[in-house]
Peer 1: 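One structure, pasted below without further comment.
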Amino acid sequence: MRTDIPKTYNPHQVEPLRYAWWMERGDFYATIANDGRPRYCITIPPPNITGSLHMGHALNHAIHDVLLRWKRMQGYNVLCVPGTDHAGIATQNVVERELLKEGLTRHQLGREKFLERVWQWREQYGHTILMQLRKLGCSYDWRYTRFTLDPEYADAVLEVFVRWWQDGHLYIGERVINWCPRCMTALSDIEIEQVDEPGKLYHIRYPFEDGSGAVVVATTRPETMLGDVAVAVNPSDPRYDGLVGKSLILPLVGRRIPLIADPYPDPAFGTGAVKVTPAHDPDDFEIGQRHNLPHPTILNWDGTVNTERLRDELNAPHHPYLQRYHGKDRYEARRLIVADLEAQGFLEKAEDYSIPLARCERCHTVMEPLLSEQWFCRMSEIAQPAIEVVKQGKIRFFPERYTEMYLQWMENIRDWCLSRQIWWGHQIPAWYCVACHPENFALTDRGEYRLLKRESPIVQKSAPDRCPRCGSLQLVRDPDVLDTWFSSAIWPHTVLGWPNDTEELRLFYPTDVLLTAQEILYLWVARMMMTGLYFQGDIPFREVYIHATVLNKEGKRMSKSLGTGIDPLELIAKYGTDALRWSLLQQAGMQQSIRFYEERVVTARNFANKVWNATRFVLLNLEDANLETLRRIGPQPVDALDRWILHRLQHTIQAVDQALRAYCFDDGANALYEFIWSEVCDWYLEAVKPRLQSPTQRQQTQAMLLYLFDQLLRLLHPYMPHISEELWQAIGATPDEPALITARFPEVNPAMCDESAAEEMAQVFEIIRAIRNLRAELKITPGAPIPKAWVHPIGSESQTRLAPYCALIAHLAWCQEIVLGTPPERALMNPAPNAEVFLTIAGLVDIERERARLQKELAKLEAEIKQVQARLRHPQFLERAKPEVVRETRTQEQALWARHQRLKQWLEQLK
RNA sequence: GGGCGAAUAGCUCAGCUGGGAGAGCGCUUCCCUUACAAGGAAGAGGUCGCAGGUUCGAGUCCUGCUUCGCCCACCA
């Protein structure tokens with residue numbers, strides 16, 4: 001038996017070694033066979049390869065690991081598949097930034113060379129985050145580590161794309177999409193963040209061609225007027241009766257545009273007239289479609305103004321004045337145009353206005369709605385089954401409120417823009433024949449064909465030899481790659497081997513739960529449900545737990561750039577992994593956000609230390625023992641104290657079990673904390689100390705302690721795996737159960753539940769508190785002996801001898817239980833609700849002071865009595881309150897009166 | 001503009017189906033008692049966001065409002 005245990009828990013000496021030990025033993029590995037055990041499977045949300053561990057990850061993965069360890073201990077065959085996401089735009093941005101330091105752009109490097117660089121980068125840095133997850137203690141099956149650009153994974157992605165194409169769910173469309181002028185790519189509707197920012201609303205006068213006045217339109221983006229093709233008004237708007245059909249002259253540009261009638265404009269807003277720029281606004285585009293209007297583009301992909309395209313697209317003479325704006329950045333162009341409009345008297349006014357802006361989620365650049373040709377996925381049909389499974393309860397959300405949010409979003413789902421104009425990712429498996437449509441291609445300087453328009457794509461997993469229509473060898477592959485979320489959408493079944501029919505799929509699909517943050521509910525969770533149902537024919541997971549967002553103490557989002565973030569690795573370095581995990585899990589339940597700060601980890605570290613020292617105490621008291629013998633003896637209660645602690649243990653087992661089932665990790669942690677610290681350490685261990693000195697009770701008490709701590713460490717293991725394993729090795733490990741990580745999780749034993757023991761001990765604790773209170777109030781130093789104490793339990797029928805406990809725990813020299821009516825002489829008294837205690841302390845009884853103290857006590861009692869009586873005097877209370885409540889109130893009143901009587905009597909006696 | 005969360009001790013939060021408010025940290029006082037000072041003991045501290053309503057009785061249920069946060073939404 002080890003007795004050289006340090007007095008404080010040192011996580012750095014324990015945690016890395018324990019983790020390595022489990023790895024060596026292969027404890028994280030699932031069995032890929034039906035060995036008769038039930039199975040439990042989670043596929044983690046693959047973090048970006050560009051990422052490093054932040055508090056959100058720490059919380060997410062602490063939760064993963066609690067569940068995995070809990071299930072493993074319950075005898076499940078547990079598989080957790082880790083991995084990383086290639087994160088198209090994010091990664092490409094990182095590598096492009098590196099190139100920029102060398103003065104290079106990706107275009108200078110060329111696609112192939114650039115991709116080599118990205119792969120290099122990923123080899124070097126792409127595994128950082130997975131290594132960090134190991135530091136968190138995650139018991140994942142690292143053999144299964146996947147990457148969304150692995151060859152097999154890429155094959156699955158192409159398979160999905162081809163099948164959806166064949167099944168008619170994909171299409172090429174020219175639409176106004178969200179364009180990031182910095183990333184130079186399209187983004188889906190959910191990859192942008194909407195913010196309202198202060199700006200200006202410009203009112204511009206568009207004169208009628210015939211000189212009969214003007215129409216005033218309002219816009220927040222005046223530069224787009226270059227591409228205006230009409231002004232629209234609502235047909236019901238009386239202000240424009242008889243004017244529709246007339247021509248307007250576009251200021252600065254001089255182009256003639258019509259005034260048209262369309263249901264879109266809201267007559268109540270401003271002048272009721274809307275300028276129509278089909279290429280740069282989704283609503284305007286639809287108006288344009290309805291009226292068969294042209295849609296000239298006035299912006300380049302980098303956000304600069306292009307007025308030459310205007311000439312080409314409108315087949316119109318180029319107004320020389322426009323040259324001023326050509327090549328200017330959109331904001332520069334805006335300033336110029338506003339100035340020119342004002343100078344020429346076209347600007348009616350510019351008012352302050354809160355403008356809704358869309359920014360790129362990745363780089364925060366203001367998005368530009370831009371007309372372009374993209375690949376889309378038609379969603380409504382695919383979404384249907386994913387709606388059904390939720391309505392039927394086959395997939396359940398925790399917290400439940402997310403169910404409604406999910407359903408509402410799914411029922412209004414919009415088509416998904418799949419193509420991205422970047423290089424890092426899954427290149428779209430579509431080829432176009434130059435021979436069939438030479439007009440769709442331009443020849444570059446390097447003599448390569450550049451795709452201008454997508455027509456008649458040949459969609460298949462591998463490059464076709466020749467055009468199936470004309471036999472030409474001149475085929476050009478679509479340069480675009482797929483949205484990163486397209487590949488992560490198939491994560492659960494793909495990491496298990498799809499499209500092959502693998503043993504992993506058969507054993508572990510559907511997985512059990514998906515654990516994630518709320519921000520990717522639509523981006524990812526919903527899409528996995530759609531692809532899982534479509535391709536694997538079954539739900540990807542049975543439950544979805546959406547955990548809180550981690551905020552700082554001020555309730556602000558943790559952000560590196562704002563400096564409001566906390567680095568979990570730093571916290572691990574300071575306080576250890578188990579402390580960090582505990583501090584997070586201790587507040588992880590059904591809330592949508594949690595505030596996190598370092599003091600929480602300090603508290604958690606202190607708790608770990610408490611566990612360490614409590615177990616140290618047990619070990620020190622087991623030095624002479626044979627553990628085998630003690631295990632054979634088992635938990636045999638000596639008395640009510642033991643029955644009470646076993647009872648509380650059952651309660652704790654029950655609470656932890658219930659909490660983990662319901663994803664209320666906070667409740668489980670609190671139950672454990674309360675049990676271990678308050679009940680085991682503060683009461684049980686203190687009370688048991690004298691018994692350990694008794695030759696007749698020592699062994700039985702040792703057996704109790706061994707059992708209790710064995711159970712307690714098992715319960716703690718999912719939350720604090722390292723320290724619990726380390727300590728358990730000293731007291732729990734047997735040839736049958738050599739490691740805690742695979743030992744059996746405790747289950748409630750009804751035979752150990754004992755309410756009466758609980759009540760009995762509650763009374764003991766009350767008495768002891770009353771004694772301590774007296775001592776403290778009278779400033780009796782803890783060491784000073786108290787010659788005599790009498791305790792008088794009230795209302796308990798049991799003939800148990802409480803006095804010995806009180807003497808032991810409260811360090812009394814002499815203690816006796818008395819019955820009513822025989823109070824001692826010249827003592828101090830403390831009346832507690834269900835007990836009263838009398839102490840005699842030589843020379844310390846100042847009668848007057850004592851009387852004053854008790855008078856105060858009496859006054860407090862009387863106030864309470866008044867309150868209760870007031871309620872009982874109320875006729876409606878007696879009539880309408882539940883009978884048991886009335887009864888309870890009556891007994892309460894009686895008890896108060898009785899205390900009152902006794903106090904008074906005691907006061908009399910003190911005279 | 002809709003939807004959802006939150007508002008309780010100085011701080012961070014518990015309070016299930018309505019019966020008189022709890023924890024951790026912080027604070028005060030006393031203790032280095034041989035598991036633990038990262039500890040022990042005893043305390044102080046709250047018109048439970050505001051205003052109504054239901055009820056014998058409301059942090060708890062209903063209505064309205066205020067403040068903060070999140071999600072969704074094409075209003076020029």
Side-chain angles (χ1 to χ4, degrees), chain A residues 5 7-9 176 189-190 194 201-203 217-221 224 232 264-266 268-277 281-286 353 355-356 358 369 399 401-402 404-405 408-409 412 518-519 521-522 548-549 551 553 555-557 575 579 586-587 589-597 599-600 602-621 666-667 670 673-674 677-678 681-682 685-686 689 768-769 772-777 779-783 810-811 867-868 871 874-882 884-886 888-889:
Chain A
I5 312 144
K7 284 176 88 167
T8 50
Y9 171 52
V176 176
D189 291 332
I190 41 185
Q194 291 278 356
L201 183 64
Y202 299 94
H203 297 254
V217 297
T219 180
T220 55
R221 296 186 297 151
T224 61
Y264 171 74
D266 175 5
F269 187 92
T271 60
V274 177
K275 64 192 261 317
V276 181
T277 323
D281 184 283
D283 297 309
D284 292 10
F285 183 72
E286 280 177 27
Y353 195 69
I355 42 181
R401 66 185 115 95
Y402 288 106
E404 202 46 45
M405 280 176 66
Q408 273 182 22
W409 189 78
N412 299 302
Q518 54 199 321
E519 68 224 26
L521 176 59
Y522 307 124
T549 308
L551 307 174
K553 193 166 187 175
K556 296 272 178 269
R557 195 171 271 283
Y575 306 105
Q586 192 253 332
Q587 49 178 344
M590 293 296 129
Q591 53 279 65
Q592 88 173 13
S593 63
I594 54 179
R595 296 186 188 197
F596 190 85
Y597 43 92
E599 291 92 304
R600 283 193 171 282
V602 176
T603 307
R605 188 269 319 260
N606 293 352
F607 178 58
N609 196 232
K610 191 73 179 176
V611 173
W612 182 263
N613 275 295
T615 313
R616 182 165 173 268
F617 169 80
V618 171
L619 285 168
L620 291 172
N621 280 288
D666 48 354
D667 293 347
N670 288 333
Y673 190 92
E674 166 78 12
W677 201 310
S678 308
C681 293
D682 288 350
L685 292 187
E686 289 308 317
K689 277 175 183 174
I768 291 169
R769 267 192 218 102
R772 288 171 174 170
N773 172 277
L774 259 187
R775 295 180 106 141
E777 241 177 81
K779 305 232 189 299
I780 305 165
T781 45
H811 303 295
Q867 238 188 350
V868 176
R871 227 180 316 159
H874 216 106
Q876 276 152 326
F877 173 73
L878 301 174
E879 244 171 74
R880 300 192 192 172
K882 275 174 283 180
E884 67 261 32
V885 172
V886 177
E888 272 168 37
T889 315

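Predicted, not measured: the structure shown is a model, and the values here were computed from it. In the text below, chain A, chain B and the rest are named by the order of the sequence lines, each starting its count at 1. Both backbone and side-chain heavy atoms feed into the values below; hydrogens, waters and symmetry mates do not.
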Peer 1: Taking only N and O in the side chain of K7(A), is any of them less than 4.0 Å away from OP1 or OP2 of C36(B)?
Peer 2: yes
Peer 1: Any side-chain N or O of R595(A) less than 4.0 Å from the OP1 or OP2 oxygen of U12(B)?
Peer 2: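 Yes.
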Peer 1: Distance check, P atoms only: G20(B) and G59(B), in whole angstrom units.
Peer 2: 11 Å
Peer 1: Base, sugar-phosphate, or nothing for K553(A), non-hydrogen atoms under 4.0 angstrom?
Peer 2: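 Counting heavy atoms under 4.0 Å across all strands, the contact made by K553(A) is with sugar-phosphate only.
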Peer 1: Measure distances between side-chain N and O atoms of Q408(A) and base N and O atoms of A73(B), and say whether any donor-acceptor pair falls under 3.5 Å.
Peer 2: no
Peer 1: Does U34(B) have OP1 or OP2 under 4.0 Å away from a side-chain N or O of K689(A)?
Peer 2: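 So the side chain of K689(A) is outside the cut-off, no N or O lying under 4.0 Å from OP1 or OP2 of U34(B).
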Peer 1: Between G39(B) and N606(A), is there an OP1 or OP2 to side-chain N/O distance shorter than 4.0 Å?
Peer 2: yes
Peer 1: Remember a base hit wins even if backbone is also touched, and classify P356(A) as base, sugar-phosphate or nothing at under 4.0 Å, heavy atoms.
Peer 2: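 P356(A): backbone/sugar contact only, no base atoms under 4.0 Å.
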Peer 1: Whether W677(A) contacts G40(B) is assessed here as follows: a side-chain N or O lying under 4.0 Å from the phosphate OP1 or OP2. Is that the case?
Peer 2: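 Yes.
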Peer 1: Under 3.5 Å for both distances, Watson-Crick or G-U wobble, that's the pair rule; now give the dot-bracket for RNA chain B, with | marking pairs to another strand and [ ] for crossing ones.
Peer 2: (((((((..((((.....[..)))).(((((.......))))).....(((((..]....))))))))))))....
Peer 1: Could one point to a donor on the side chain of R772(A) or the base of A42(B) with an acceptor on the other under 3.5 Å away?
Peer 2: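 Under the 3.5 Å cut-off, the side chain and the base do not form any donor-acceptor pair.
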Peer 1: When the P atoms of G40(B) and C32(B) are considered, how many whole Å apart are they?
Peer 2: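 Nearest-Å result for G40(B) against C32(B) at atom P: 16 Å.
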Peer 1: Determine the contact category for E879(A): base if any of its heavy atoms lies under 4.0 Å from a base atom, sugar-phosphate if only primed atoms, P, OP1 or OP2 are that close, otherwise nothing.
Peer 2: nothing
Peer 1: Rounding to the closest angstrom, what is the interatomic distance between G26(B) and A44(B) at atom C1'?
Peer 2: 13 Å
